[in-house]
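Just the heavy atoms: all of them, side chains too, but no hydrogens, waters or symmetry mates, feed the values below.
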Amino acid sequence: MKCDVPGAAEVRLGAGAIVDPGVLLGYPSGRPGVSGYARIGGGARIRAGSIIYAAVDIGDDFETGHHAVVREENRIGSHCTLWNSSTIDYGCVIGDRVRIHCNVYIAQFTRIEDDVFLAPGVTIANDPHPICAKCMQGPTIRRGARIGVNVTLLPLITIGVGALVGAGSVVTADVPDGMLVAGNPARIIGPVDKLECPFGIVIPYEQGLDVRRRPEWATVDPLPRPVIRPPKAPR
């Protein structure tokens, strides 16, 4: 199957895929010399308004929200999500189990490893001196890193394994493995494992592993809504 657009590419869609009306698959690239079929693995769930271009390779269980865009020449692993109004620009390499929330922009030639989380509004840049494009490349985000709401990542930097970037930060330099950074420009706050839950009900990170991937996740009940933030301790 492919979209009804002149020049659209063949689409190879895996078994069990659910594709809403209003989705465009195999959309032709406007860049010269780009061709090739779009492959989307089994179990995909592609929601209305989403556009997946030609010359992409996507693994199993790929899921989009509404109006998500995957440009051409992207390689995306299995069990990944791309939520509402987010865009993966061309030439990116993305690993397995990567979760990309709403209104995220991933610039061309960005590399994202397995188990990365991008919160809503993350913006990734890739051109050290815009418009030139001769040395254009996005950052590298290593496995298990977590990027907070409305963070900006500048070109060519590396976010280390299991690192955490606080909300609203502008990251201009490499972030070491396992470190928490925040601010504009982002500065090291301390190890991710030192971060505490404001309610004291979980240990958020232990040896870089978030609580959802540890056995105690199943033993702690969520707080009743609405949750009221506890008062800050006096300094």
Tell me who clusters with V93, hydrophobic residues only, linked when side chains sit under 4.5 Å apart either directly or through other members.
none

Heavy-atom side-chain proximity of V220 to V211 below 4.5 angstrom
no

Y105 reachable from I51 in the ILVMFWY side-chain graph, under 4.5 Å edges:
no

D114 and R143 ion-paired at < 4.0 Å
no

Separation between CE of M136 and CG of L156, rounded to the nearest 0.5 Å
11.0 Å

If only atom types and distance count, is the side chain of T123 paired as donor or acceptor with the main-chain N or O of N150 below 3.5 Å?
no

Spacing of CZ belonging to R146 relative to CG belonging to L118, to within rounding of 0.5 Å
12.0 Å

Do R47 and D20 meet the salt-bridge criterion of a basic N to acidic O distance under 4.0 Å?
no

Does any non-hydrogen side-chain atom of R212 lie less than 4.5 Å from one of D210?
yes

Determine yes or no for a side-chain-to-main-chain donor-acceptor pair under 3.5 angstrom, with D177 supplying the side chain and V161 the backbone.
yes

Which heavy atom in G121 sits nearest to a heavy atom in V104, and how many Å separate them?
N-CG2, 4.0 Å

Do P191 and M179 touch side chain to side chain, with heavy atoms closer than 4.5 Å?
yes

Would you say F117 ends up clustered with W83 if hydrophobic residues are merged whenever their side chains have heavy atoms under 4.5 Å apart, either directly or through other cluster members?
no

Atom CG of L82 and atom OG1 of T87: how far apart are they, to the nearest 0.5 Å?
7.5 Å

Can you tell me if D127 uses its side chain to pair, donor with acceptor, with the backbone of A133 under 3.5 Å?
yes

Same hydrophobic cluster for I147 and L154, using side-chain heavy-atom links shorter than 4.5 Å among ILVMFWY?
no

Looking at C135 and H129, what are the two nearest heavy atoms and their distance?
SG-NE2, 3.4 Å

To the nearest 0.5 Å, how far apart are CD1 in I40 and CG in L25?
4.5 Å

Using a 3.5 Å distance criterion without hydrogens, assess whether the side chain of R31 forms a donor-acceptor pair with backbone atoms of E72.
no

With a 4.5 Å limit on heavy-atom distance, are the side chains of I141 and L153 in contact?
yes

Interatomic distance, CD@Q137 vs OG1@T110, rounded to 0.5 Å, equals 8.0 Å

Does N103 reach the side chain of P120, with side-chain heavy atoms less than 4.5 Å apart?
no

Where is the tightest heavy-atom contact between I88 and N74, given as atom of each residue plus distance?
O-ND2, 3.4 Å

When you look at CZ of R229, are more than 12 heavy atoms from neighbouring residues, nucleotides or ligands closer to it than 6.0 Å?
no

Side chain proximity check, L180 to Y205, heavy atoms < 4.5 angstrom
no

Between D57 (side chain only) and R39 (backbone N and O only), is there a donor and an acceptor less than 3.5 Å apart?
no

Find out whether the Lys NZ or Arg CZ of R71 is both under 6.0 angstrom from the six-membered ring centre of Y53 and within 45° of the ring's axis.
yes

Is there a donor-acceptor pair closer than 3.5 Å between any side-chain N or O of S78 and the backbone N or O of D60?
yes

Could you tell me if the side chain of V56 sits less than 4.5 Å from the side chain of I76, heavy atoms only?
no

For V19, does its backbone N or O pair with a side-chain atom of R45 as donor and acceptor, under 3.5 Å?
no

Looking only at heavy atoms, what is the nearest atom pair of D193 and G208, with distance?
OD1-N, 2.9 Å

Within one Ile-Leu-Val-Met-Phe-Trp-Tyr cluster: Y27 and I106, side-chain cutoff 4.5 Å:
no

Do H79 and D61 pair up side chain to side chain, a donor and an acceptor below 3.5 Å, judged on atom types alone?
yes

Transitive ILVMFWY side-chain link Y37 to I52, under 4.5 Å
no

Main chain of L223, side chain of R225: is a donor-acceptor contact present, judged purely on distance under 3.5 Å?
yes

Test your reading of the model: is there a side-chain donor-acceptor pair from S86 to the backbone of H101, 3.5 Å cut-off?
yes

Does any N or O in the side chain of S50 come within less than 3.5 Å of the main-chain N or O of H66, such that one atom is a donor and the other an acceptor?
no

How long is the straight-line distance from CD1 of I203 back to CZ of R214, given to the nearest 0.5 Å?
6.0 Å

What are the two closest non-hydrogen atoms of A54 and A38, and how far apart are they?
CA-CB, 4.4 Å

Full working for side-chain contact (heavy atoms from CB on, under 4.5 Å) between V202 and W217
CA-CA 8 Å; V202 297; W217 173 253; 5.6 Å; no

Given T158, T140, V181, the one that forms side chain to side chain contact (heavy atoms under 4.5 Å, CB included) with D174
T158

Please find the pair of heavy atoms, one from P28 and one from A8, that lie closest to each other, and give the distance.
CD-CA, 3.9 Å

With heavy-atom distances below 4.5 Å as the criterion, would you say the side chains of V170 and P185 are in contact?
no

Report, as yes or no, whether the 6.0 Å neighbourhood of atom CZ on R97 holds more than 12 heavy atoms from other residues, nucleotides or ligands.
yes

